[in-house]
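Working notes, beginning with the structure itself.
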Amino acid sequence: IKLIINPLLESDANKLLASGDSSKQVKLSGEVFEISLSIIKKDGKELSVTTFDKPITIRLKVDPTLNPKLMGIYYISDSGVLEYIGGQYVNGELVAQISHFSKYAVLEVTKTFADVLASHWAANVIQELAAKQILSGTSETMFEPNRQVTRAEFTAMLVRAFKFTQTGELTFADVKSNAWYTEAISIAVEAGIVAGKSDTLFAPNAQITREEMVTMMMRAHEIINGKTMITSGVSFKDESKVSSWAEEYVKAAAGLQLI
């Protein structure tokens, strides 16, 4: 078994990071490591191991001067494209599980939008979620912070946030196979997070309601944490208007102080 961990030269690392998305400011914490694993057979032939049946844990040291909310372990492709892996902070290191080897580094990624000023009440949260690749702009430079969110957009955010990946078969007539949101909807339906407006319609571009968002959020929460009955003393003056299918989720979310 041959395991190689090579730190890239500083010049090569900077060149690689510069070849990615120019609209993001990227700060490197430490070094970019290229990790490879191979098996050398009895006859001397070497077989590269590119993916793993079970995840492998990596630990990378963290620069304490970087913003922890904008920082994480990233997989860096040969073309400089970044994929957020995340990681938990433990004793000066970020610890994450990966399913393949390649180039990895701890990065602080800052994505700015022309229509979200630093003084905007949601600016910090938007930057954090953009760094974690949970949400993106409506273009490279625009975010449209005051626009309504669609069912497809919120579905995609939840799938990215909870890192669900298992796709399923879709039967919705209004979800085309080549739409940007098709995979996310397929994953969310397979996980049981969301259903269609009917058996044949999903309404991906319809504006999502608060009770729909809460229901989807709590279903995802239950998949990750298990179903927990929450006794909540929270009441809303308009709770009689909450749909029957959303009532238990609204109460549970209020009990967890998520809403």
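Counting heavy-atom neighbours within 6.0 Å of Ile1 CD1, excluding the residue itself, gives a total of 12 or less. The 12-atom threshold is not exceeded at CD of Gln257, counting heavy atoms of other residues, nucleotides or ligands nearer than 6.0 Å. Residue Lys163 qualifies as enclosed at atom NZ: its count of foreign heavy atoms under 6.0 Å is above 12. Dense packing is recorded around CD of Glu190, with more than 12 heavy atoms of other residues, nucleotides or ligands lying under 6.0 Å away. Atom CZ of Arg147 sits in a crowded spot, with more than 12 heavy atoms from other residues, nucleotides or ligands closer than 6.0 Å. Surrounding CG of Asp238 are more than 12 heavy atoms belonging to other residues, nucleotides or ligands, all under 6.0 Å away.
In terms of heavy atoms, Ile259 sits closest to Ala254 at CG1-N, 3.6 Å. Listed here is the closest heavy atom pair of Ala156 and Ala184: CA-CB, 3.8 Å. Here the closest heavy-atom approach between residue Ala220 and residue Phe164 is recorded as CB-CE1, 4.1 Å. The two residues Ser186 and Gly168 have their closest heavy-atom pair at OG-O, 2.6 Å. Nearest heavy-atom pair, Gln133 versus Tyr74, reported as atom, atom and distance to 0.1 Å: NE2-CE2, 4.4 Å. Listed here is the closest heavy atom pair of Arg160 and Ser136: NH1-N, 4.4 Å.
A tilted orientation is assigned to the rings of Phe143 and Phe113, their planes being inclined by 30° to 60°. The aromatic rings of His100 and Tyr104 sit tilted, their planes meeting at an angle between 30° and 60°.
Residues Leu28 and Val32 form a side-chain contact, since some pair of their non-hydrogen atoms from C-beta on lies under 4.5 Å apart. You'll find the side chain of Thr155 stays beyond 4.5 Å of the side chain of Tyr181, heavy atoms only. Looking at Phe162 and Ile193, their side chains never come closer than 4.5 Å, going by heavy atoms from C-beta outward. Taking the side chain as every heavy atom from C-beta outward, Val189 and Val194 approach each other to under 4.5 Å. Side-chain contact between Val49 and Phe101 is absent, with no heavy atoms from C-beta onward closer than 4.5 Å. Looking at heavy atoms from C-beta onward, Leu94 lies out of side-chain contact with Ile58 at the 4.5 angstrom threshold. The shortest side-chain heavy-atom distance between Val250 and Phe236 falls under the 4.5 Å cut-off. Within the 4.5 Å cutoff, side-chain heavy atoms of Trp245 are placed close to those of Glu212.
Cluster membership check: Leu70 does not share its hydrophobic cluster with Tyr75, using side-chain heavy-atom separations under 4.5 Å among Ile, Leu, Val, Met, Phe, Trp and Tyr. Hydrophobic clustering, with ILVMFWY side chains joined whenever heavy atoms are under 4.5 angstrom apart, groups Ile224 together with Met213. Hydrophobic clustering (ILVMFWY, side-chain heavy atoms < 4.5 Å, transitive): Ile187 and Trp180 are in one cluster. Residues Val106 and Leu82 do not share a hydrophobic cluster, defined by chaining ILVMFWY side chains whose heavy atoms lie under 4.5 Å apart. Residues Leu258 and Leu135 do not share a hydrophobic cluster, defined by chaining ILVMFWY side chains whose heavy atoms lie under 4.5 Å apart.
The backbone N or O of Asn67 sits less than 3.5 Å from a side-chain atom of Glu108, completing a donor-acceptor pair. Looking at Ser243, its side chain never comes within 3.5 Å of a backbone N or O of Ala246 through a donor-acceptor pair. A donor-acceptor pair under 3.5 Å is formed between the side chain of Asp174 and the backbone N or O of Phe202.
To the nearest 0.5 Å, atom CG of residue Asp63 and atom NZ of residue Lys27 are 9.0 Å apart. Within the model, atoms OG1 of Thr209 and CD of Gln148 stand 11.0 Å from one another, a figure rounded to the nearest 0.5 Å. With values rounded to the nearest 0.5 angstrom, Met218 atom CE is found 5.0 Å from Leu256 atom CG. The CD atom of Glu247 sits 7.5 Å away from the CD atom of Glu239 when rounded to the nearest 0.5 Å. In this structure, Leu37 CG and Ser48 OG are separated by 7.5 Å, a value rounded to the nearest 0.5 Å. Between atom CD1 of residue Ile73 and atom OH of residue Tyr84 there is a gap of 9.0 Å, rounded to the nearest 0.5 Å.
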Can Leu158 and Arg219 be said to form a side chain to side chain contact (heavy atoms under 4.5 Å, CB included), step by step?
CA-CA 10 Å; Leu158 272 187; Arg219 286 173 179 165; over 6 Å; no
Please evaluate residues Leu107 and Leu17 with respect to the criterion side chain to side chain contact (heavy atoms under 4.5 Å, CB included), reporting the C-alpha separation (whole Å), side-chain torsions for both, the decisive distance (0.1 Å), and the verdict.
CA-CA 10 Å; Leu107 304 174; Leu17 294 173; 4.1 Å; yes
List the steps, then state whether side chain to side chain contact (heavy atoms under 4.5 Å, CB included) holds for Leu8 with Phe33.
CA-CA 6 Å; Leu8 268 62; Phe33 292 95; over 6 Å; no
What do the steps show when you test Phe52 against Gln97 for side chain to side chain contact (heavy atoms under 4.5 Å, CB included), and what is the final call?
CA-CA 11 Å; Phe52 316 130; Gln97 292 188 321; over 6 Å; no
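A salt bridge links Glu140 with Lys111: at least one charged nitrogen is closer than 4.0 Å to a carboxylate oxygen.
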